[in-house]
Every structure is written in C-alpha cells, then in structure tokens.
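Notes follow once the structure below has been shown.
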Protein chains: 2
Amino acid sequence: MNIGAASKASGVTAKMIRYYEGIGLLAKAPRKDNSYRDFDHRDVHDLRFIRRARKLGFSIDEIQRLLGLWRDASRPSREVKAITGTHIHALEERIAEMQAMVSALRHLSDHCHEDDRPDCPILEDLARA
Amino acid sequence: MNIGAASKASGVTAKMIRYYEGIGLLAKAPRKDNSYRDFDHRDVHDLRFIRRARKLGFSIDEIQRLLGLWRDASRPSREVKAITGTHIHALEERIAEMQAMVSALRHLSDHCHEDDRPDCPILEDLARA
DNA sequence: TGTCGACCTTACCACCATGGCAAGGTCAAG
DNA sequence: CTTGACCTTGCCATGGTGGTAAGGTCGACA
C-alpha cells in the first residue's frame with residue numbers, strides 16, 4: 001500500500017503521514033525496493049485513530065499516549081479517562097476565555113452606532129488609560 | 001523612556017515590543033546616542049491598545065487596522081464595528097467547534113468505567129472502523 | 001521504445017505569537 | 001573599578017499544517 005492509498009483510506013494527507021512517522025507517532029513503514037513506503041491495515045487503523053483524535057482536539061502528545069494505551073491490551077481504562085478529563089478541562093477553560101472575549105466585544109459592539117461618525121466605544125475601550 | 005520602562009508601563013514584554021516594531025505594528029522608536037530605543041507616551045498608549053486587543057483575541061492584522069482607524073480622527077465607526085463583527089463571528093465558530101468536541105468527549109467519558117479493566121468506549125470510538 | 005502523467009522521495013521555507021538564550025555594549029551606584 | 005541591571009541584535013524553538021522544488025519511479029498508451 002503506497003502512501004497515496006493510505007492517505008485516501010485514512011483521510012490523512014501524505015504530508016502529515018510522513019510527519020507523524022518522523023516524530024514517532026506512527027510506526028516507521030517498511031520500504032519497498034523503490035524506497036516507497038509500504039503501509040498495511042494496521043497503519044491505516046492508526047492513522048484513522050489519529051485523525052479522529054485530532055478532530056476531538058487532542059494534542060499530538062496526548063494522542064501518543066492514547067495510542068500507547070490502545071495497543072496495550074491490558075490498559076486500565078482509568079488512564080484513558082484521565083487523559084480525556086484533562087483534555088476536556090483544557091478545552092473548557094479555553095472556551096470560557098473565548099466566551100469572555102465575545103461577551104466583552106458584543107457589549108462594546110452593541111453600543112457602536114455603525115455610521116460615519118467617529119464615535120465608537122470599541123476603540124475608546126481599547127485606548128482607555 | 002527605555003524599553004524596560006515602556007514595558008512596565010504597558011504590560012507588554014520588551015521582546016514583544018521589539019517584535020511589534022519589527023513587523024510595523026508599532027512606530028519605529030527613535031534611538032538615543034547609545035542606540036537605546038526612546039519611547040514616548042504615545043508609544044505606551046499604542047502598546048496598551050495592542051495588549052488589550054490581543055487579550056480580546058484580535059489578530060495582529062486586525063489590530064493593525066484597528067490602530068489605523070484609531071489614528072484616523074474621522075474614522076467611520078462602521079468599519080470598526082465590521083472588524084469586530086467578523087472577529088466575534090470567528091470566535092463563535094471556534095467556540096462551537098470546541099463545544100462539540102467537549103460534548104463528544106463527555107459522552108464517551110461518561111461511559112468509561114474508570115477502573116483497571118481495559119474496556120473503554122473512548123478508545124473504542126477512536127479506533128472504530 | 002519513447003513519452004507523459006501520476007505518483008513517490010527528501011529537503012527545505014512559511015505561518016503566528018511568543019519565549020529563551022547567547023554574546024556583547026552601556027550605565028549608574030557603590 | 002567592579003558589579004549588576006539594563007540594553008542591543010540575532011538565532012532557535014514551539015505545533016501542526018501547507019507549500020514548493022528537484023528528482024526518482026511506475027504504468028499506460030502511441
């Protein structure tokens with residue numbers, strides 16, 4: 001299975017497949033005589049796993065650990081839940097920050113006349129001493 | 001006013017002040033005989049403006065435009081509101097994405113036993129075909 | 001057989017905003 | 001004169017992805 005086929009099968013770009021291999025997230029694929037990488041179904045599985053985890057916002061480092069736990073048949077589910085909990089927490093913190101930004105901006109924006117006059121509480125707030 | 005004083009007065013690190021100057025976001029500070037930058041109160045004002053805007057999640061590019069509008073005494077408030085609206089929209093999209101992640105993760109996590117057994121729907125979901 | 005297009009390879013550069021470090025100049029106080 | 005706090009420039013790193021360039025390989029078709 002060439003990299004293009006693995007890419008199509010997993011939804012991960014060839015570029016990123018090489019990158020994941022380079023940083024050790026994905027096992028090094030054996031090479032054929034022509035130096036092309038040769039992937040198997042396990043690799044495709046791992047790539048799909050990675051793609052899904054990235055979509056859920058896990059960092060590469062977290063995925064590294066999740067994959068390790070996946071490969072460990074006797075993994076304690078506790079650890080998986082811990083990683084997930086930490087990640088949920090980080091996401092929620094970031095969400096709260098952004099929501100604070102939005103409500104501040106919305107408040108300012110609501111009081112902006114949106115016309116040709118220069119008065120604008122948005123700039124006034126940014127510039128206040 | 002040396003860079004350290006400007007930094008303290010504005011809350012922006014010296015490093016970032018030099019960076020902002022380098023990319024043209026902040027006016028180039030004149031140099032004293034010893035080649036130290038010499039800031040005035042306008043620079044401090046701009047730096048505070050930048051810091052606040054960054055805290056509200058505006059990109060450097062957006063701040064560039066906001067600062068331009070601020071300096072333009074006849075700025076139409078409409079433009080400021082437009083930039084802000086675009087930014088609010090982007091923030092809300094990102095928030096929605098992250099909330100989707102959180103609810104997916106929470107759903108999976110709620111069904112994870114958190115014990116020594118290997119069963120864990122989180123990994124099962126990531127690995128599903 | 002020649003050629004062409006699709007594929008593969010490695011190796012760089014760029015992003016964005018920030019932090020860190022190194023090696024050296026400058027200044028003021030003791 | 002020394003010491004420590006400050007300033008200078010310049011380079012490297014982050015993270016995850018995209019781009020691009022220069023070259024090797026393969027399969028199909030004329």
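Predicted, not measured: the structure shown is a model, and the values here were computed from it. Numbered from 1 within each chain, the chains take letters A, B, ... in sequence-line order.
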Practice task
Mark yes or no for whether A/Asp43, through its side chain, and A/Asp40, through its backbone, hold a donor-acceptor pair below 3.5 Å.
Solution key: yes
Practice task
Check the distance between D/dC26's P and A/Met1's CE and give it to me in whole angstrom.
Solution key: 19 Å
Practice task
Flag yes if A/Leu126 and B/Ile83 sit in one hydrophobic cluster, no otherwise; membership is Ile, Leu, Val, Met, Phe, Trp, Tyr, and two members link when side-chain heavy atoms are under 4.5 Å apart.
Solution key: yes
Exercise for the section: Tell me whether the OP1 or OP2 atom of D/dG18 has a side-chain N or O from A/Thr13 closer than 4.0 Å. Expected result: yes
Problem - d(NZ, B/Lys55; P, C/dT18) in whole Å - result: 12 Å
Exercise for the section: Round to the nearest Å and state the distance from B/Ile3 atom CD1 to D/dA5 atom P. Expected result: 18 Å
Exercise for the section: For A/His87 and A/Glu62, indicate whether the former's side chain and the latter's backbone hold a donor-acceptor pair under 3.5 Å. Expected result: no
Practice task
Spell out, as yes or no, whether a donor-acceptor pair under 3.5 Å connects the side chain of B/Ser7 to the backbone of B/Ile3.
Solution key: no
Practice task
Calculate the interatomic distance between A/Asn2 atom CG and D/dG24 atom P; express it in whole Å.
Solution key: 18 Å
Problem - Stepwise salt bridge (Lys or Arg N to Asp or Glu O under 4.0 Å) check, A/Glu21 with A/Arg18 - result: CA-CA 5 Å; A/Glu21 195 198 50; A/Arg18 296 193 193 98; over 6 Å; no
Exercise for the section: Would you mind reading off the distance between A/Glu21 atom CD and D/dT17 atom P, rounded to a whole angstrom? Expected result: 16 Å
Could you run down the sub-3.5 Å N/O contacts of the protein with nucleotides 27-30 of chain C?
| unit_1 | atom_1 | unit_2 | atom_2 | d |
| --- | --- | --- | --- | --- |
| C/dC27 | OP1 | B/Asn34 | ND2 | 3.4 |

All N/O pairs under 3.5 Å across the protein-nucleotides 15-17 of chain C interface:
| unit_1 | atom_1 | unit_2 | atom_2 | d |
| --- | --- | --- | --- | --- |
| C/dA17 | OP1 | B/Ile60 | N | 3.0 |
| C/dA17 | O3' | B/Arg54 | NH2 | 3.2 |

Exercise for the section: Using atom types as modelled and distance alone, determine if a side-chain donor or acceptor of B/Asp38 lies under 3.5 Å from a backbone N or O of B/Arg31. Expected result: no
Exercise for the section: Examine distances only and state if a side-chain atom of B/Arg48 and a backbone atom of B/Gly11 form a donor-acceptor pair shorter than 3.5 Å. Expected result: no
Handout entry: Phosphate contact (D/dC7 OP1 or OP2) by B/Arg37 side-chain N/O below 4.0 Å
Key = no
Practice task
Return the value, rounded to whole Å, for the distance between atom CG of A/Leu25 and atom P of D/dG15.
Solution key: 13 Å
Fill in the blank from the handout: Across all chains, not counting sequence neighbours, the ring pair (Phe, Tyr, Trp, His ring centres under 6.0 Å) partners of A/His45 are A/Trp70
Handout entry: Electrostatic pair B/Arg65-B/Asp61, nearest N-O below 4.0 angstrom
Key = yes
Exercise for the section: Would you mind reading off the distance between B/Leu47 atom CG and C/dT18 atom C1', rounded to a whole angstrom? Expected result: 15 Å
Practice task
Compare side-chain N and O positions of B/Arg31 against OP1 and OP2 of D/dT9 and report whether any pair is under 4.0 Å apart.
Solution key: yes
